[in-house]
Amino acid sequence: MLDRRTLLKSLGLSAVALPFFSDDAHANELLQPDDPTFWASVRDQFMLSKDKVFFNCGTVGVMPKVVVDKMTEHTRYLATDVADWAYKDDNKEQFISGYNNLMSIRTKVARLFHCDVGEVAMTDNVTHGMSYIANGITLQPGDEILTTDQEHGGGQSSWKLKEKRYGAVFKTVAVGKPISGASDVYDTIVKAITPNTKVLMLSHMISGSGAILPVKEICAEARKRGIFTVLDGAQTVGQIKIDLRDIDCDAYVGCFHKWMGAPCGTGFMFVKAEHLKTLWATVASYRWDDHTDEGFRFTQRGTGNFSVLLGLEAALDFHSQIGPERVYERIKFLGQRLREGLTNNKKVKIFSPKEEAMCAGITLYNIEGMTGAQLQDAYWAKANMRPRSQGDVFGVRHSTHIFNTENEIDRALAIVNELAR
Ligand SMILES: Cc1ncc(COP(=O)(O)O)c(C=O)c1O
């Protein structure tokens, strides 16, 4: 475990934050998700312009300074000293990614999400991870892939391709927007399973509404019926805690460039060891058929940018040092503050789940008589605030993260109340 001094130094936190990263368990327990001093110190770790407010981590996140520094430093090093590269050991030399087993990063990912490092492959994003899985498993004509009607194109398209190319059947089930509750959505999805269902693909958190699905319970039911379960974690990684052993899905794909604060083009794929060994490679290099390290078999994907991966490693460290639980609590605290404020206005309709336990940092809402584009523009015109439009009906998707403040949420609510008078 890092001592307090190292921790503070690595985070760049000021002395003022000392009590919150104390070795004293009692002092740590005292840290609340609304602790102003601690979260102000965290905010200072981001270069994010102070005259703008970012509410769109659902699309792309914000890198803390330590991540930018790491990447920049490495990019400079490559530009000046690439001649240092002796080509002796791909796994030790950090010049280009794609031939390196990325063991250090994969180990951190495995630790964070509770799985074995051999089950983790690094990818560029969710779309790649899902494509590796859909393309790599064998389905027969008539085999069904079941999913919801609210999946992102990067999660579902590789399965549609499977349908068109191999005659598998891509089926969606409507889950409602807002989703009424965890037990309803569980029933809806389980009832849609047929004897032909071979794959169940679900977002762990639906990107359009921020609904956290009861994936553990659904995967348990699917497992009883021998169905392969794969979860899309684009919106959960870095936002809510993920315990893959507990969820017990067969596969999980995620990206780090939304909620984890990592550079764009960073993702991972987890596949249970028993399935990973029979998964066909999609991107093939030397190791495509070498089963000594299954995760490496999929991580090896040709020349890539090591600076980006070192930025990712710094982001994972930053996240772990604050603590996944603390990150989640802060995100949820701000999200809930927003939802509670919105609920007080009768002209506002919320499309995120009514059940608060299904929500964290994403809230989808609209004001009567407005489109999402109008609301997005009004936010920008009035206060340089940036949530993201979700079209004419659903208004905006408003994401809250650890660099946001209570004051930003309250100012956003004041704007909504002014517009919805
Ligand atoms: C649920 C979901 N799946 C997949 C994706 C695509 O992710 P990526 O761009 O990392 O491939 C997104 C992006 O917003 C998403 O929200």
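When a ligand or atom number is given, it counts from 1 through the structure's own listing order.
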Margin query: Does R386 qualify as a cation-pi partner of W380, given the criterion of NZ or CZ under 6.0 Å from the six-membered ring centre and within 45 degrees of its axis?
Written below: yes

Margin query: Please give me the minimum heavy-atom distance between M71 and T75, naming the atom from each residue.
Written below: O-OG1, 2.7 Å

Checklist line | Reference residue V199; test side-chain contact (heavy atoms from CB on, under 4.5 Å); the match among T147, D143, I133, L139 | finding: L139

Item checked: Geometric class of the W85/Y87 ring pair [parallel <30°, tilted 30-60°, perpendicular >60°] -> parallel

Next item on the list: Please work out whether the ring planes of Y379 and Y365 are parallel, tilted or perpendicular, with thresholds of 30° and 60°.
Entry: perpendicular

Item checked: F351: ring pair (Phe, Tyr, Trp, His ring centres under 6.0 Å) partners, not counting sequence neighbours -> F394

Item checked: Close-range residues for ligand 1, whose non-hydrogen atoms fall below the 4.0 Å threshold -> G58, N125, V126, T127, H152, S203, S207, D232, A234, Q235, C255, H257, K258

